[in-house]
There are 2 protein chains.
Amino acid sequence: MPLPSSDEAGTLLERFRRHLRERRLPVTRQRMAVAEEVFRSGDHPSVEDLEHRVRASGAQVGTATLYRTLEVLVQSGLVREHDFGEGFKRYEPMTASPAHDHLICERCGRVDEFANDRLERLLRLTADEHRFRYRRHRVDVHGVCTACRGRDLEPLGAGANLR
Amino acid sequence: MPLPSSDEAGTLLERFRRHLRERRLPVTRQRMAVAEEVFRSGDHPSVEDLEHRVRASGAQVGTATLYRTLEVLVQSGLVREHDFGEGFKRYEPMTASPAHDHLICERCGRVDEFANDRLERLLRLTADEHRFRYRRHRVDVHGVCTACRGRDLEPLGAGANLR
DNA sequence: TTACGTGCAAAGGCTTTGCAGTCGG
DNA sequence: CCGACTGCAAAGCCTTTGCACGTAA
């Protein structure tokens, strides 16, 4: 949720560059432009979001390259890929904040993060009980954020568009 | 996980018929054929799975109708829609077993179910703390089931295809 | 130099939609 | 009879891929 400090973004960018060098992969203008924009994000941008941001930053990057670069970023472990069930993916830089899960607002799409050790322990235990070797989990809590909840109570057409 | 008894399936089918009648929606051959097949499932079939099963049962149902019927079934509350991040959706009848989450095997796709009150309480509490009005959650635990784990230890090419 | 990256446009996988014909109530 | 449904094929949306050209090392 907090915007990564430009320091954090810089470090990640540096780590990405190292990652590429280590496997003798070219460090291209496009890859750096995409990485920079992802690392700069404080939210969970979609490919479309990133496409706009990268272009706004003045860089010239094709859609296919954007997808291909995101794949490399995810494999490098510096970026996390999410699927909140919206029909497209979202991406998040692996900044300081360690493992966490998400709260998603049903109305406005706002995403909050939370971390809870008990939750993870609970899930590991559950996997054990079912004789699964635990690998990872995905926890999304869907609800309505304060801002959107507030909107229900407003004068005009209150409660009309509850659905 | 357990196959619904034909009783449960029958009840759900009856409930679906009532649901349709209540909103003056036609009870068609196709809708019943699809519903029957979904309610009969003990697993979490995809649209493709259902298409095969419905055809195997002798019914004639177009793909578009299958999708449209699933939508009605989900809205009726008698069927649950899942997205395990595979690029397509899966469906599950709301049989006796109440709220539960899923354990998915990374290797073979097997899906186990589990229920845990503490988990739900934990997530509701988390929503509260973030001032979100809790609506629902989605918890998927990914791991490797016993059968697939066993395969790692087998003589031939052991550990080769770990990836 | 040379392997890998890039851009474009075409193709893919899943799902939705437009429309003419059909059918349940 | 009428409104809703059905099937087909076309279109949509996000993502991947083939290919000719470009570029980092």
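Sequence lines set the chain letters: A, B, ... in the order given, protein chains first and strands last, and positions in each chain run from 1.
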task: Tell me which of B/Val27 and B/Lys89 sits closer to the 5' end of DNA chain C, going by the nucleotide each one is nearest to.
output: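 So the residue in question is B/Lys89.
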Residue met sooner reading DNA chain C from 5', once B/Glu86 and B/Leu25 are mapped to nucleotides: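 Result: B/Glu86.
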Between [X] and [Y], does at least one N-O distance fall below 4.0 Å, as a salt bridge requires?
{"X": "A/Arg90", "Y": "A/Glu81", "answer": "no"}
{"X": "B/Arg18", "Y": "B/Glu22", "answer": "no"}
{"X": "A/Arg53", "Y": "A/Glu37", "answer": "no"}

[X] side chain to [Y] backbone, donor-acceptor under 3.5 Å:
{"X": "A/Arg138", "Y": "A/Asp83", "answer": "yes"}
{"X": "B/Arg31", "Y": "B/Val72", "answer": "no"}
{"X": "B/Arg133", "Y": "A/Thr146", "answer": "no"}
{"X": "B/Ser41", "Y": "B/Asp43", "answer": "no"}

Between [N] ([atom2]) and [X] ([atom1]): distance, integer Å:
{"X": "B/Leu20", "N": "D/dG3", "atom1": "CG", "atom2": "P", "value": "19 Å"}
{"X": "B/Arg31", "N": "C/dC23", "atom1": "CZ", "atom2": "C1'", "value": "12 Å"}
{"X": "A/Glu71", "N": "D/dC14", "atom1": "CD", "atom2": "C1'", "value": "15 Å"}
{"X": "B/His82", "N": "C/dT15", "atom1": "NE2", "atom2": "P", "value": "14 Å"}
{"X": "B/Arg24", "N": "D/dA4", "atom1": "CZ", "atom2": "C1'", "value": "14 Å"}
{"X": "A/Arg29", "N": "C/dC4", "atom1": "CZ", "atom2": "C1'", "value": "15 Å"}
{"X": "A/Glu51", "N": "C/dC8", "atom1": "CD", "atom2": "C1'", "value": "13 Å"}
{"X": "B/Arg17", "N": "C/dG24", "atom1": "CZ", "atom2": "C1'", "value": "13 Å"}

- prompt: Of the nucleotides C/dG7, C/dC4, D/dT6, which one has an atom closest to the side chain of A/Gln30?
  reply: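 Per side-chain heavy atoms of A/Gln30, the pick is C/dG7.
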- request: Measure from the side-chain heavy atoms of A/Thr28 and tell me the nearest of C/dG5, C/dG24, D/dT6.
  value: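 Nucleotide nearest to A/Thr28's side chain: C/dG5.
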field: Global bending angle along the helix from C/dT1-D/dA25 to C/dG25-D/dC1, which compares the axes of five pairs at either end, to 10 degrees
entry: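 One end axis against the other gives 30°.
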- prompt: A/His130 vs A/Phe132 aromatic rings, parallel, tilted or perpendicular, using cut-offs 30° and 60°?
  reply: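 Because their plane-to-plane angle is over 60°, the rings of A/His130 and A/Phe132 count as perpendicular.
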message: Just to be sure I understand the geometry, which residues of residues 56-69 of chain B put a non-hydrogen atom under 4.0 Å away from DNA chain D?
response: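 Output list: B/Gln60, B/Val61, B/Gly62, B/Ala64, B/Thr65, B/Arg68.
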- request: Return each pair, listed once, that meets ring pair (Phe, Tyr, Trp, His ring centres under 6.0 Å) where at least one residue sits in residues 59-93 of chain B; pairs must be two or more places apart or across chains.
  value: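 The answer is B/His44-B/His82, B/His82-B/Phe84, B/His82-B/His102, B/Phe84-B/His102.
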